[in-house]
Amino acid sequence: MVIPLSYEMTVETPREALEDACERLRRTVMDSGCALDLAEALQELTALRVLDQLPDFISIKDRRSRFVFANEAACRAADISDYSSLIGKTDFDVFIGETANRLFAMEQLVMESGLAVEKQDEYLVRHDGKTFWLSISKIALRNSAGQIVGLVSISRDISERKRQEELRHGQARLLEMIARGQPLDVVLNAIVRLIEAQLHDVKGAVMLLDEDRKRFSGGAAPGLSPSYVQLIESIEIGPSRGSCGTAAWTGTLVTVADVEADPLWEPYRELGSLFGFRSCWSTPVIGAEARVLGTFALYSPTRREPTTIELELMAIATDLAGIAIERSESERRIRHLAHHDPLTGLPNRTLFWSQFNRSLHEARRESRKVTVAYIDLDNFKAINDTHGHAAGDAVLKTLSDRMAHCIRASDLIVRLGGDEFAIVFSNPDGDRSGVLRRLDKLRALIAEPVLVEGESIGATCSMGVAFYPEDGELAEDLLASADRAMYEAKELGRDRLTICG
């Protein structure tokens, strides 16, 4: 029995009809389980030149897995222009060892067992490095005596489908990472890796803007040289600032096909040449209210414009990066609001007590001194009554900023509520006089007038000071001692500093 292959088609046959014919051919081969003479099949297949129009890869091999027939599509997949050049060759002449071994084992099993393989997905790597996914169907060929003499293979290129599947799965994983609150740098690195996996010999990078939106400040570029990233991560954005600096400045896609000739790269031309970049395409990461949050860029070692697929991937990357960055910013704002006073931005009581107890723990361990100052603004109610609560809030914010700028990074400051503040000074050398001089300077700074909507408003403060461990060993006791000293300052006429005891 010979498999009937007499499909009536011409070179004008529409692609849909060709693909349908290929599917019918595959099913005919798969459904036929009885005798087929290899020579007859070859004769009929060769006569039907229409097989060369089919998009699927069709081939016949002998018992040793050597090609004895292949249509044009199969030859193209093997990177051979003339099918006669493929005859007698095996997959070892086309694919790398691992791929060829896998295909050879599959075919030998089909021919030994007589059991067909139908639509099995395989990832193939050619000797020249080209990769693709095939959906492979293989069935044994028998002669009139029922002996297996070879096999027929019909394969379909599913690389694009696999790429889309991988991309969708990658996007889903990234959205889950963002929803789970994974660190921003981890998410951004995963975004870059996802895009790089879809491309060949192209590297990606996400660059973030600093709070002032004036220069780059960190990001993710796992495939680029750390030296290059370090050189560009603090670049100020603006016109003619390379692909990324210009994209962040204009808020639009910037494609540079030749970094050695494009004027945008003039300040960084040597840098691009040093690291092997010949083209660079960058697009802004846009957040809510059209804010530019950063950029996503692709670097290529060849001079060219980006492909349609590359532009699509860049759009996907910027969408994901925008979601991740805004989620991170929102979480940071939430954490800040949970631990800081909404008016002044100073730490609130919750954060203050946590940091205060930690400071005392370290002081005990290292035998250090700690100074606590309790500060209360004098007659602040009169400011609210005379100038209004909005003016009072403006005064509180200005004075809070003055105090915050007067303390060191190792010191703590808190707005306890209303017009009351506390400062904890780390005092490793036990120099009380130095801390008291700083407090007197701060008290004088607070007394300087505050200008609110053209009106000068003055305020003074009373301070009480306590020392660890003399005036208490616990945070609550120390603050209470400083509070009592502050009330003594009030009783003595305000606008002064009083030491506990």
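Because only heavy atoms are used, hydrogens play no part in the values below, and waters and symmetry mates are left out as well, while side chains stay in. All residue numbers refer to positions in the sequence shown, counting from 1. Just so we're clear, the structure is a prediction, and the values are computed from it rather than from any experiment.
- Not one N or O on the side chain of Ser65 forms a donor-acceptor pair closer than 3.5 Å with the backbone of Phe104.
- Scanning both residues, Tyr268 and Gly242, for their nearest heavy atoms gives CE1-N, 3.5 Å.
- Within the structure, side-chain hydrogen bond (donor to acceptor under 3.5 Å, both in side chains) pairs that include any residue of residues 269-278 do not occur (at least two apart or interchain).
- Heavy-atom neighbours of Arg64 CZ from other residues, nucleotides or ligands within 6.0 Å: at or below the threshold of 12.
- Glu331 has a carboxylate O that lies under 4.0 Å from a charged side-chain N of Arg327, or vice versa, which qualifies the two as a salt bridge.
- Nearest heavy atom pair, residue His127 against residue Phe92, reads NE2-O, 2.9 Å.
- Under the salt bridge (Lys or Arg N to Asp or Glu O under 4.0 Å) criterion, Lys397 pairs with Asp401, sequence neighbours left out.
- A 6.0 Å sphere centred on CD of Gln164 holds more than 12 heavy atoms belonging to other residues, nucleotides or ligands.
- Residue Phe132 comes nearest to Ala77 through the heavy atom pair CZ-O, 3.8 Å, listed as atom of the first residue, atom of the second, then distance.
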Q: Test side-chain contact (heavy atoms from CB on, under 4.5 Å) on Phe216 and Leu209 and set out the steps.
A: CA-CA 4 Å; Phe216 292 117; Leu209 289 179; 3.8 Å; yes

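- Ion pair Glu160/Arg163 flagged as a salt bridge, since at least one NZ, NE, NH1 or NH2 atom sits closer than 4.0 Å to an Asp/Glu carboxylate oxygen.
- Counting only distance, with no hydrogens or angles, the side chain of Asn71 and the backbone of Asp56 share a donor-acceptor pair below 3.5 Å.
- For the salt bridge (charged side-chain N to carboxylate O under 4.0 Å, His left out) condition, the pairs that include at least one residue of residues 95-108, sequence neighbours left out, are Lys61-Glu107, Arg102-Glu122, Glu107-Lys138.
- Listed by chain and residue number, Val192, Arg193, Lys203 satisfy the side chain to side chain contact (heavy atoms under 4.5 Å, CB included) test with Glu196 (two or more places apart in sequence, or in another chain).
- Every residue meeting the side chain to side chain contact (heavy atoms under 4.5 Å, CB included) condition with Val256, not counting sequence neighbours, appears here in chain and number order: Ser243, Val254, Val259, Asp262, Leu264, Trp265.
- The stretch residues 247-256 participates, sequence neighbours left out, in these side-chain hydrogen bond (donor to acceptor under 3.5 Å, both in side chains) pairs: Thr250-Thr252, Thr255-Glu305.
- In terms of the salt bridge (Lys or Arg N to Asp or Glu O under 4.0 Å) criterion, residue partners of Asp258 (sequence neighbours excluded) are, by chain and number, Arg303.
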request  = I would like to know whether Leu134 and Asp157 meet side-chain contact (heavy atoms from CB on, under 4.5 Å); could you show each step before the answer?
outcome  = CA-CA 5 Å; Leu134 292 184; Asp157 191 335; 4.1 Å; yes

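- Partners of Thr344 by side chain to side chain contact (heavy atoms under 4.5 Å, CB included), not counting sequence neighbours, listed by chain and number: Asp341, Leu346, Ser400, Arg415.
- Pro347 and Leu351 get closest at one heavy-atom pair: CB-CD2, 3.8 Å.
- His336 pairs by the ring pair (Phe, Tyr, Trp, His ring centres under 6.0 Å) definition with His340, not counting sequence neighbours.
- Among all heavy-atom pairs drawn from Gly204 and Leu298, the shortest one is CA-CD2, 3.9 Å.
- Between the side chain of Thr246 and the backbone N or O of Arg241 there is at least one donor-acceptor pair closer than 3.5 Å.
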Check the pair Ser359, Leu412 against side-chain contact (heavy atoms from CB on, under 4.5 Å), reporting the backbone distance first and the verdict last.
-> CA-CA 9 Å; Ser359 295; Leu412 307 176; 3.7 Å; yes

Quiz prompt | Trace of the side-chain contact (heavy atoms from CB on, under 4.5 Å) decision for Val414 with Gln355 | solution = CA-CA 10 Å; Val414 62; Gln355 293 178 330; over 6 Å; no

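- Salt bridge annotation for Asp128-Arg126: present, with a cationic side-chain nitrogen under 4.0 angstrom from a carboxylate oxygen.
- For Glu453, the salt bridge (Lys or Arg N to Asp or Glu O under 4.0 Å) test picks out no residue, with sequence neighbours left out.
- Closest of all the heavy-atom pairs between Val292 and Gly251 is CG2-CA, 4.2 Å.
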Using atom types as modelled, flag every donor-acceptor pair under 3.5 Å from a side chain in residues 218-230 to any protein atom, sequence neighbours excluded.
from, atom 1, to, atom 2, distance (Å)
Ser225, OG, Ser227, N, 3.2
Tyr228, OH, Tyr299, OH, 3.1

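- Contacts of Trp133 classified as ring pair (Phe, Tyr, Trp, His ring centres under 6.0 Å), with partners at least two apart in sequence or in another chain: Tyr123.
- Salt-bridge check for Glu165 with Arg161: passed, with a basic side-chain N closer than 4.0 Å to an acidic carboxylate O.
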